[in-house]
Peer 1: 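Handing you a structure now.
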Amino acid sequence: MTTRRDCVSGYQAPSGSFTLKDIGNCSMNIFTHFEARFHEAAEALKAEGVLPADSNTASLTVEPPRDASHGDIASNAAMVLGKQAKMAPRDLAAHFARKLEADPDIAKLDIAGPGFINITLKPEFWPRLLKSILEGGDDYGRSARGQGAKVNVEYVSANPTGPMHVGHTRGAVFGDALSNLLAFTGHAVTREYYVNDAGAQVDVLARSAFMRYREALGEDIGAIPEGLYPGDYLQAVGEALAAEYGKRLHNMPEADWLPLVRAKSIEMMLDLIRTDLAALGIHHDVFFSERSLVEGKPNQVEETVEDLREQGLIYEGMLAPPKGKLPDDWEEREQTLFRATDFGDDVDRALVKSDGSYTYFASDMAYHRSKLRRGFAHMINVFGADHAGYVKRMNAAVAALSHGDADLDIKICQMVRLFRAGEPVKMSKRSGSFVTLREVVDEVGPGPVRFMMLHRKNDAMLDFDFAKVLEQSRDNPVFYVQYAHARAQSVMRNVQELAPKLETSGKDLAGARLELLQDEAELAVVKRLSHYPRIIESAAEAHEPHRIAFYLYELASEFHGLWNRGKELPHLRFIIDADREITRARAGLVVAVAQVIRSGLGILGVQPISEMR
RNA sequence: GCACCCAUAGCUCAGCUGGAUAGAGCGUUGCCCUCCGAAGGCAAAGGUCAGAGGUUCGAAUCCUCUUGGGUGCGCCA
């Protein structure tokens, strides 16, 4: 397993000062950098006998303190180790302080509160850090933490029976952004879509398309019968079938035309879905066919069941009826069951239907077995809220199939409620008045859709207001972050106007006299920038891309604050005509802010804008 | 009946996997600005973190129960 220490284990220069090279493989994360220092100090204290040799330092953390007056970096080292050392935390903290005070980057070391060790870094540390941020460019924040591990992210997986519904949007965006995030942190990500092309629903789809086929041949089909898909998006399928087959399908028995119509319908519906997803900038690497599991030779579902049977995880038995409301057609019967309860599920799960075919769960097990066999020890599934009930059984399945060697994290995206200027948008499946993904994207654009969908924790409900996401105010985070980026770009355009010869790339500005940035608000922005790698790593570890959206809002807020100071105090403006050196240094800060916003938006899959209009 | 998710300021929500005096936006109140470095700025008030126990140096965060809301609940996909 990867731990924070892994990425600094090769660190060789405990007495050297902080440079890009030293922590290059640590994504310039100053917190992991100093965490390594604390671990070194702990080792030294073990050697001295202050700490027991077998002390467990796993819960030692290094974080930014909540209150800026507490310095730049804080650690709980003395508090988590106090008990093991049989010492008062504050006394142990003094030992850590003794070990760390020689560090050339540390200006001040305080022991505070119950035993926190607070570190204030030397003023010259920050210009060096800003320089390394500028030199890092688009790679600033990137991390090797994933160590190239293969991760399979399955998301969307909507039934190929029609266009994408707005309800699919959140999971689609979430899965895509999470994939970006994991790729940015050194994982080998495969983006996968499971196509449910084997069940009864695609037969219904085929029959629905067949109606449209007859319609395309000129027949008056009247109303689409109950139970079939009425959507007019199937007209194109009917026409395509008519063009391809003429009247030949018409006189065939259903058993003959159904596979042909079904294949064509699924193909066209997947094209439709791919187009919808592309409108949001989403592209999967693999579209995995459920049908391929049962049609393949040998049948992979059978193989899966046999595997489990050999492990003694399959039995024939009866399930107790669910308590409370009993299904109308409940009949007790013996069935083939998977011992899901051995792996934390509530009940054992049926694998074979009464007609002898496999259940959806059986093929889902085979599907995850396929993922395992394709070398994925790490899997993430993004589900909608309506599938929350499947989490336990899927985890049980993966635990059984992998013998506990693989992990599956199922992320549930809660519902999205649509509003139009504060009024809920009514949606009714019965009347067919549902809002499609495409309508939302076409109305507000992909950027605002993506940002807003990621601006909530995935397991909390989300309100999406068509009016709000286009509003130009601080209240609208999409605007506020984009505005910061546009402002930064605007400053740089002005800089170039003033000094056309000045090189304004980040790499060039890394050579500016960044130590001239001494205003409190300027340093606050640099410090905020220093948090970025940490936000990235924690968001990746927790599988929570929304943290990036919130970070960007904070960064934008800090940047706007700096801009506003320039209004009150002209000497703090970014561009000082009479002082090229300070202008260049501030340009470096502005470019770094724009760079980090661009980087974060890139992970969220949002196109930054360079000019407000 | 059972399982899972949620509950934090008047409203909408963060809270970095257990840290210090719980944060932001909106709204409210009070000042400032009318500036194209535009699509405002500063400040203040506002909290029993749903409730009750427990775990420990320390809990909004972890455990148990209760209350209120959401989502599901034999072989459907």
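Protein chains get the first letters and strands the later ones, always in sequence-line order, with residue 1 at the start of each.
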Peer 1: Provide, to the nearest angstrom, the distance between the CZ atom belonging to A/R547 and the P atom belonging to B/A14.
Peer 2: 12 Å

Peer 1: Among the candidates B/A14, B/C16, B/G25, find the nucleotide nearest to the side-chain atoms of A/P64.
Peer 2: B/C16

Peer 1: Look at the side chain of A/A200 and decide which nucleotide, out of B/A77, B/C75, B/G37, has an atom nearest to it.
Peer 2: B/A77

Peer 1: Please give, in whole Å, the distance from B/C16 C1' to A/E544 CD?
Peer 2: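 In whole Å, B/C16 C1' and A/E544 CD are 9 Å from each other.
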
Peer 1: Judged by each residue's nearest nucleotide on RNA chain B, which is more toward the 5′ side, A/R393 or A/A112?
Peer 2: A/A112

Peer 1: Count the heavy atoms belonging to other residues, nucleotides or ligands that lie under 6.0 Å from CD of A/E423, then report whether that count exceeds 12.
Peer 2: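 For A/E423, atom CD is not crowded (no more than 12 foreign heavy atoms under 6.0 Å).
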
Peer 1: I'd like to know whether the aromatic ring centres of A/F466 and A/F464 sit less than 6.0 Å apart in this structure.
Peer 2: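 Yes; A/F464 has its ring centre under 6.0 Å from that of A/F466.
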
Peer 1: Both A/M612 and A/G389 contact RNA chain B. Which one's nearest nucleotide lies toward the 5' end?
Peer 2: A/M612

Peer 1: As a test of reading the structure: which of B/A3, B/C13, B/C16 is closest to the side chain of A/R456, going by heavy atoms?
Peer 2: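 So the side chain of A/R456 is nearest to B/C13.
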
Peer 1: Which nucleotide in the list B/U56, B/G40, B/U71 gets nearest to the side chain of A/D386?
Peer 2: B/U71

Peer 1: Return no unless some side-chain N or O of A/H546 is found under 4.0 Å from OP1 or OP2 of B/G15.
Peer 2: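 The answer is yes; a side-chain N or O of A/H546 sits under 4.0 Å from OP1 or OP2.
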
Peer 1: Looking at side-chain heavy atoms only, is the closest gap between A/K468 and A/F419 below 4.5 Å?
Peer 2: no

Peer 1: Quickly work out the A/N118 CG to B/G19 C1' distance and round it to whole Å.
Peer 2: 11 Å

Peer 1: Using whole Å, what does the distance between atom P of nucleotide B/C16 and atom CD of A/E554 come to?
Peer 2: 12 Å

Peer 1: Check whether any side-chain nitrogen or oxygen of A/K457 sits under 4.0 Å from OP1 or OP2 of B/C16, and answer yes or no.
Peer 2: no

Peer 1: Starting at CD1 of A/I117 and ending at C1' of B/G19, how long is that distance when rounded to a whole Å?
Peer 2: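 Going from A/I117 (CD1) to B/G19 (C1'), I get 13 Å.
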
Peer 1: Taking only the side-chain heavy atoms of A/E63 (C-beta and beyond), determine which of B/A39, B/A14, B/U17 contains the nearest atom.
Peer 2: B/U17

Peer 1: Without decimals, in angstroms, what is the distance between A/F479 CZ and B/C26 P?
Peer 2: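 Atom-to-atom, A/F479 to B/C26, this comes out as 12 Å.
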
Peer 1: Using only side-chain N and O atoms of A/K567, determine if any of them is under 4.0 Å from OP1 or OP2 of B/G40.
Peer 2: no

Peer 1: Nearest whole Å is fine: how far is B/A38 C1' from A/W563 CH2?
Peer 2: 9 Å

Peer 1: Counting only side-chain nitrogens and oxygens, does A/K468 get under 4.0 Å of the OP1 or OP2 atom of B/C26?
Peer 2: no

Peer 1: With a non-hydrogen cut-off below 4.0 angstrom, is A/V80 in contact with a base, only sugar-phosphate, or nothing?
Peer 2: base

Peer 1: Report, as yes or no, whether the 6.0 Å neighbourhood of atom CD on A/E520 holds more than 12 heavy atoms from other residues, nucleotides or ligands.
Peer 2: no

Peer 1: Please report the distance, rounded to the nearest Å, between CE in A/M415 and C1' in B/U71.
Peer 2: 7 Å

Peer 1: Other residues, nucleotides and ligands only: do more than 12 of their heavy atoms fall within 6.0 Å of CD on A/E568?
Peer 2: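 Count not over threshold, so no.
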
Peer 1: Identify whether any heavy atom of A/Y553 sits under 4.0 Å from a base atom; if not, whether one sits that close to sugar-phosphate; answer base, sugar-phosphate or nothing.
Peer 2: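 Contact class for A/Y553: sugar-phosphate only.
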
Peer 1: To the side chain of A/D459, which of B/G41, B/C6, B/C13 is closest?
Peer 2: B/C6

